[in-house]
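These notes concern the structure reproduced below.
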Amino acid sequence: MTHEQFTAWWRGPHAAAARVLPGLQAYRHGAVTRDYDCPGAPGWDGHAVLTFADQAALDIALGSPEWAAATRQTKGMGGKRIIVVTEEVDLLAAAYD
């Protein structure tokens with residue numbers, strides 16, 4: 001699959017499968033257009049950010065049949081995947097001035 005084809009799949013059929021995750025509040029995708037550390041061979045095609053209210057909501061989503069269906073789509077693609085859970089802080093917010 002080309003990068004463009006993969007991005008189209010990710011934003012199309014795969015997004016449709018992920019969009020129905022229970023408790024999902026936001027779902028964003030970024031396609032890599034430049035990798036400053038590996039300009040000749042980017043390490044990743046893109047990233048997705050799935051937002052849930054809290055860890056309990058994420059746990060429900062991860063245990064759901066919808067999660068199982070969405071991840072089944074990625075089997076056999078041969079790429080690498082990393083899943084990280086983060087707690088975000090807005091460093092531009094006035095409280096941090």
Side-chain angles (χ1 to χ4, degrees):
M1 224 185 266
T2 67
H3 178 72
E4 292 76 19
Q5 290 170 325
F6 184 65
T7 298
W9 168 81
W10 200 341
R11 293 179 175 179
H14 189 59
R19 226 179 253 120
V20 298
L21 289 171
L24 185 65
Q25 294 181 327
Y27 183 29
R28 295 176 308 282
H29 175 260
V32 172
T33 59
R34 174 181 270 168
D35 182 337
Y36 285 98
D37 292 326
C38 301
W44 304 97
D45 292 298
H47 75 277
V49 178
L50 286 72
T51 303
F52 296 88
D54 53 30
Q55 185 65 50
L58 172 60
D59 291 343
I60 289 169
L62 294 177
S64 72
E66 292 87 354
W67 177 265
T71 57
R72 264 195 308 276
Q73 292 183 345
T74 65
K75 300 294 185 217
M77 295 186 98
K80 58 185 177 176
R81 174 179 92 167
I82 181 172
I83 297 176
V84 295
V85 176
T86 65
E87 188 173 303
E88 294 184 357
V89 173
D90 182 354
L91 299 176
L92 295 178
Y96 295 99
D97 289 345

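Keep in mind that what you see is a predicted model, and the values were worked out from it rather than measured.
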Specify the closest pair of heavy atoms between Ala17 and Gln73, including all atoms of both residues, with the distance to one decimal.
CB-NE2, 3.6 Å
Should Leu21 and Val85 be regarded as members of a common hydrophobic cluster, given that ILVMFWY residues are connected when their side-chain heavy atoms come within less than 4.5 Å of each other, either directly or indirectly?
yes
Here the ring-ring contact (aromatic ring centres under 6.0 Å, His included) pairs for residues 15-48, sequence neighbours left out, are Trp10-His29
Give the minimum heavy-atom separation between Pro22 and Glu66, together with the two atoms involved.
CD-OE1, 3.8 Å
Under a 3.5 Å distance rule, please check whether Ser64 uses its side chain to pair with a backbone N or O of Ala61 as donor and acceptor.
yes
For Leu92 and Asp90, the nearest pair of non-hydrogen atoms, with its separation, is N-OD1, 2.9 Å
Heavy-atom closest pair, residues Pro42 and Asp35
CA-OD2, 3.4 Å
Mind listing the side-chain donor-acceptor pairs of residues 50-60 below 3.5 Å, one per line with the distance, residues two or more places apart or on another chain?
{"from": "Asp54", "atom 1": "OD1", "to": "Ala56", "atom 2": "N", "distance (Å)": "3.3"}
{"from": "Asp54", "atom 1": "OD1", "to": "Ala57", "atom 2": "N", "distance (Å)": "2.8"}
{"from": "Gln55", "atom 1": "NE2", "to": "Asp59", "atom 2": "OD1", "distance (Å)": "2.8"}

Do other residues, nucleotides or ligands put more than 12 heavy atoms under 6.0 Å from the CD atom of Gln25?
yes
In the single-linkage hydrophobic clustering (I, L, V, M, F, W, Y; side-chain heavy atoms under 4.5 Å), do Ile83 and Phe6 co-cluster?
yes
Heavy-atom closest contact (Ala16 atom, Arg19 atom, distance):
CA-NH1, 3.5 Å
Donor-acceptor under 3.5 Å (His3 side chain, Ala31 main chain):
no
